[in-house]
Amino acid sequence: LIRCSGGLICGAQRKESIRHFASRNALDIDGMGERIVEQLVDVELVRDVSDLFVLEASTLMSLDRMGVKSAEKLVASIARSRRTTLPKFLYALGIREVGEATALQLANHFGDLMLLQEASVETLVAVPDVGPIVAEHIVSFFANRANIDLLSRLTARGVSWPAITVASPESKPLAGQTVVLTGTLVKLSRNEAKARLIALGAKVAGSVSKSTTIVYAGPGAGSKLAKATELGVEVADEAALLALLAALETTSDAPKTAP
DNA sequence: AATAAACTTCGTGTTAGGGC
DNA sequence: GCCCTAACACGAAGTTTATT
């Protein structure tokens, strides 16, 4: 694989990092798509992600295909995205090889951004999913002064997240289980189902293997369902998933339903 | 006012490479 | 080596903007 070495100087990389920052499973800024980011960087309204948090609707309306409605929606989305979670924030940073699952492990292990920032390669490799290569990427990210400055600008502009609470084992009845979702879920969005399963301690994987505990398949399921039956992995439907969630969530922590 | 075009979102599937 | 993640590519559908 060949990768541009331009770093922060490279316009294309800046655009991509901003797009990633705003994407669904990161800070989830609704309405901040590829074309908007492109324009914002080109006209130099935005140099890095911290600039997003000072944008105003009146400025945004100068962009192509941006009317009152879209501009106001976008400003509202940006405002909403300030309140996030540590795993989402870590994922949003775009550290190489740190995707959603790894970000979650890091957040749970360190519990605090500052502790992660100061971690050495030796401490990092103790985290599940993190080996020498990923540890090195993380260390060099935080060794970069520009990144540290960016982090402080982000917090100065209101980006924040609640402290990680260490969940008691009793509140994680699905610990040790690996779940795969496939097909279209009707009652739940995919992300919501995933979030609720994770909250209960399950691991939600993207591919089926021998170690998969159960596959929940909705209409339209394809290759993953086929693989599950081939490997003899248990398969259930959305109704079963809903029943399971309902049964387990009635305990202490209330289910977090998406807005 | 109605229609067309542009852009984003949502969901699936595939593949290379890192972890164990 | 197997398993799984990260990262990518694509199609469908829903909104909003621009056009006639």
Side-chain angles (χ1 to χ4, degrees), chain A residues 1-4 12-13 15-40 57 60-78 81 87 90-106 109 121 124-138 176-195 198 202-213 215-228 231 233 238 258-259:
Chain A
L1 176 69
I2 297 174
R3 199 179 297 280
C4 170
Q13 280 192 25
K15 287 171 187 168
E16 179 53 29
S17 79
I18 294 164
R19 201 203 52 71
H20 172 80
F21 185 87
S23 70
R24 256 179 291 188
N25 298 328
L27 283 242
D28 192 20
I29 304 179
D30 236 51
M32 183 76 78
E34 202 175 332
R35 302 314 310 272
I36 306 296
V37 172
E38 173 106 28
Q39 292 182 66
L40 287 171
L60 287 170
M61 283 175 60
S62 64
L63 303 178
D64 278 349
R65 296 201 66 81
M66 188 53 93
V68 193
K69 207 155 186 169
S70 296
E72 284 177 351
K73 260 191 165 175
L74 183 50
V75 169
S77 302
I78 292 171
S81 76
L90 292 178
Y91 172 61
L93 293 178
I95 302 170
R96 290 229 70 78
E97 301 297 334
V98 177
E100 270 193 280
T102 311
L104 183 61
Q105 294 284 4
L106 289 168
H109 189 269
V121 170
L124 283 166
V125 292
V127 179
D129 287 356
V130 178
I133 294 175
V134 175
E136 192 56 54
H137 280 135
I138 295 168
Q177 300 211 24
T178 303
V179 178
V180 173
L181 302 171
T182 188
T184 306
L185 300 177
V186 183
K187 300 254 182 184
L188 292 172
S189 84
R190 189 95 152 210
N191 270 334
E192 191 191 346
K194 184 170 164 183
I198 288 174
K203 181 167 210 168
V204 180
S207 55
V208 179
S209 72
K210 273 185 279 185
S211 60
T212 305
T213 315
V215 173
Y216 289 104
S223 62
K224 289 174 197 167
L225 177 56
K227 182 152 191 186
L231 293 176
V233 171
E238 185 179 0

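First the proteins, then the strands, lettered A, B, ... as listed; each starts at 1.
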(request) Would you classify A:I29 as touching base, sugar-phosphate or nothing, given that sugar-phosphate means primed atoms plus P, OP1 and OP2, and contacts are heavy atoms under 4.0 Å? (result) sugar-phosphate
(request) Hey, which sits more toward the 5' end of DNA chain B by its nearest nucleotide, A:R24 or A:P132? (result) A:R24
(message) So if I take every side-chain heavy atom of A:R65 and compare against B:dA5, B:dG13, C:dA6, which nucleotide ends up nearest?
(response) B:dA5
(request) Ignoring backbone atoms, establish whether A:T102 has a side-chain N or O less than 4.0 Å from OP1 or OP2 of C:dA6. (result) yes
(request) Would you please confirm or rule out a distance under 4.0 Å between OP1 or OP2 of C:dT17 and any side-chain N or O of A:S70? (result) yes
(message) Once you apply a heavy-atom cut-off of 4.0 Å, does A:T184 come out as touching a base, just sugar-phosphate, or nothing?
(response) sugar-phosphate
(request) State which of B:dT8, B:dG11, B:dT9 makes the closest approach to the side chain of A:I36. (result) B:dT8
(message) Measuring from the side chain of A:E34 (C-beta onward, heavy atoms only), which nucleotide among C:dA6, B:dG13, B:dT8 has the closest atom?
(response) B:dT8
(message) Taking 4.0 Å as the cut-off, does a side-chain nitrogen or oxygen of A:K69 come that near to OP1 or OP2 on C:dT15?
(response) no
(request) Assign A:L185 to base, sugar-phosphate, or nothing according to its heavy-atom contacts below 4.0 angstrom with the strands shown. (result) nothing
(request) Please figure out whether A:H20 or A:K73 has its closest DNA chain C nucleotide nearer the 5' end. (result) A:H20
(request) Provide, to the nearest angstrom, the distance between the CG atom belonging to A:L60 and the C1' atom belonging to C:dT17. (result) 15 Å
(message) Given B:dG18, B:dT9, C:dA6, identify the nucleotide with an atom nearest to the side chain of A:D30.
(response) B:dT9
(message) With a 4.0 Å limit, can you tell me whether A:R96 has a side-chain N or O closer than that to the phosphate oxygens OP1/OP2 of C:dA7?
(response) yes
(message) Please compare A:Y91 and A:K210 by the position of their nearest nucleotide in DNA chain C and report the one closer to 5'.
(response) A:K210
(request) Report the nucleotide, chosen from C:dT5, C:dA6, B:dT8, that has the shortest atom-to-atom distance to any side-chain atom of A:D129. (result) C:dT5
(message) Using a heavy-atom cut-off of 4.0 Å across all strands, would you classify A:K203 as base, sugar-phosphate, or nothing?
(response) sugar-phosphate
(request) For A:R35, report the nucleic acid contact type (base, sugar-phosphate, nothing); a contact means any heavy atom under 4.0 Å. (result) sugar-phosphate
(request) Select base, sugar-phosphate, or nothing to describe what A:N191 touches, counting heavy atoms under 4.0 Å on all strands. (result) nothing
(request) Name the nucleic acid region contacted by A:V68, choosing base, sugar-phosphate or nothing; use a 4.0 angstrom heavy-atom cut-off, strictly under. (result) sugar-phosphate
